[in-house]
Amino acid sequence: MLHRIKQVYKNSFLIKVASFNILSVFVKLVSGFIVSKTMAIFIGPSGIAISGNLSNFTQSLESLSSLGIKNGTIKYVAESKSKDLQFKRVISSSFFFSISIAVLASSLLFVFSNSLSALVFNKVEFSFLFRISGLMMPFYSIHIFFISIINGLKKFKELVRINVVGYILITLLMVVFIYAKQLNGALLAIAITPFLLFTSLFYQFNILKFIVFNIKLSCVSKEVIKKLASFFSMTLFSGIMIPIIYLLIRSYIINNVGANEAGYWEGTRKISNYYMLFIYTLFDIYLLPVLSEDTKSTKFKSIIFNFYKNILPLVLLGFIVIYFFKIFIIKLIFTDDFLGMQELFGWQLIGDFFKIVSFTIAYQFLAKKMIRLYLICEISYMIFIYFTSIYLINYMGVLGAVKAHAFSYLFYTLLVFFIFRNELFKKNVV
C-alpha cells in the first residue's frame, strides 16, 4: 500500500505540486492570521473596510502595469522553453514590454494622485499613497516578470520558496507599520508591498541569474510583443475591472448599511482569500502551464477531470471544517467585534466552491487565448454580480453581498460548462 502511494506521488505532477504547495499555503495562512489579527486589534472593522478599498485599487493598478504579461508569459514560456532562440525572444520581449508599461503607469499615478485619492477615499489627504504606488510600479512589474518565467518553466519549488519569503517580509512590514501608525500605517504598508515582493526574488538567485543572462535587447520581437499585448483585453476585465466592482460594492455597503458591516464583508473575503490561496497557486503553477503545453487541446477533458478528482474532495472536506469552526476562526483571526460576520460564511463557501469548479475550466481561455469567449464570460459575470449585489443588499443588508457572490459563481459555472459542453461531455472527444 505504501509502495503504491509512493508510485502515485512519483507519477503525478499535480500531486507533487499540490504537496509542495502546502508549505506556501501554510505560511500564507499564518501570515494572514498575524496581519488580520493586528488589523482587527488596531484599526477595527471600519479600518479593514477602508484598507480594503486601497487593496482593490492597487490590485487593479498592478494588473494594468503588467498588461497581461503574467498569463501571456507563462503560456509562451511553457510553449517555447525547449527552443532556445524562441525562449530568449519571449523573455526579452516580455521584460522590455513590461518595464515600458510600468513607467507609463507610474507617470499617470503621479499626475492624477489627487483625483485618485478623492475617488478611493473621498478625500485628497491620501494622495501621497498614490505617488508612492507610482514609485513601486516598476518593482512590481519586474517581480511579475520573473515569477511568470519561473512558472512557465515549471520550477514550482523555486516559485514556492520565493512566495514564502515574500509572505514573511510583507507580514513584518504590515505588523510594524500598523503598530506604529494604525490605519495610516496599514495604508502605507499596502503601497510599499511591491518593493518587498521584488526583494524576495533574490532568495533564488541562481534561477534569477539564468533568466537575466537570457534577456537580450537584440532578441526583442515585435511579433511576441503583439501576442503579449493581445492579453491586455483579458487582463483589463479580470485584473482591473473586477477589483473595481468589489470596490464599488464595498462603498455601497459603507454608504447604505454601515462601515462595520462593510468590515464584516471584507473580513469574510480576507478569510476566503487565505484558504483559496492553495487553489489559486495550483491554477498558476500547475493548471495554466499544463493546459498551455496541450497545444491541440487533446488532453483538455482528462486534465480538467483529473484536477476535479484530486482536488474537489479535499476542497469539500476543508469547507465543511471551516463552516463548523467559523466562530473559532473569527475569534482566532480577528476579535469578538467581528462575530457579526459568522452568518456570511455559508454563502461565501458555496460561492467559492463554484468559483473553483468554473475557474478550472475557464483557465482554458487563457491557455488558448480565447479572447472573445473570455470577455463574454467576464462581462456577463461582472454585470450579474454588481446588480445582484445591489439588489440583495437593499433587501438583506450585507448578507445580500455574499448571496450575490454565490449566485454569480453558480451562473459563471453554468456558463463555462455550456461553452465547453462538447469538449467535456461528448464521448468521442478525447
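- Aromatic rings from F130 and F57 are positioned such that their centres are separated by under 6.0 Å.
- Separation of the F145 and F95 ring centroids falls under the 6.0 Å cut-off.
- Under the 3.5 Å distance criterion, the side-chain polar atoms of Y308 are matched with a main-chain donor or acceptor of V357.
- With K88 contributing its side chain and N214 its backbone, the two residues share no donor-acceptor pair below 3.5 Å.
- Using bins of under 30°, 30° to 60° and over 60° for the plane-to-plane angle, the ring pair H143/Y140 lands in the tilted bin.
- A ring-centre distance under 6.0 Å is not found for Y76 and F87.
- Using cut-offs of 30° and 60° on the angle between ring planes, the pair F365 and Y374 is perpendicular.
- Partners of Y252 under the ring-ring contact (aromatic ring centres under 6.0 Å, His included) rule, at least two apart in sequence or in another chain, do not exist in this structure.
- The distance between the ring centers of F420 and F300 falls below 6.0 angstrom.
- Rounded to the nearest 0.5 angstrom, L197 CG and I142 CD1 are separated by 12.5 Å.
- Qualifying side chain to side chain donor-acceptor pair (under 3.5 Å) partners for E261, counting only residues two or more places apart in sequence or in other chains: none.
- For N394 (side chain) and I390 (main-chain N/O), a donor-acceptor pair under 3.5 Å exists by modelled atom type.
- Ring to ring, F139 and F198 are close: their centroids are under 6.0 angstrom apart.
- Residues R269 and E266 are paired through a salt bridge, judged by an N-O separation under 4.0 Å between the basic side chain and the carboxylate.
- Relative ring orientation between F126 and F121 is described as tilted, the plane-to-plane angle lying within the 30° to 60° band.
- Ring centroids of F146 and F202 are separated by 6.0 Å or more, keeping the two rings apart.
- A donor-acceptor distance shorter than 3.5 angstrom exists from the side chain of N310 to the backbone of N306, with no hydrogens or angles considered.
- Taking the six-membered ring where tryptophan is involved, the planes of F359 and Y363 are tilted, since the angle between them lies from 30° to 60°.
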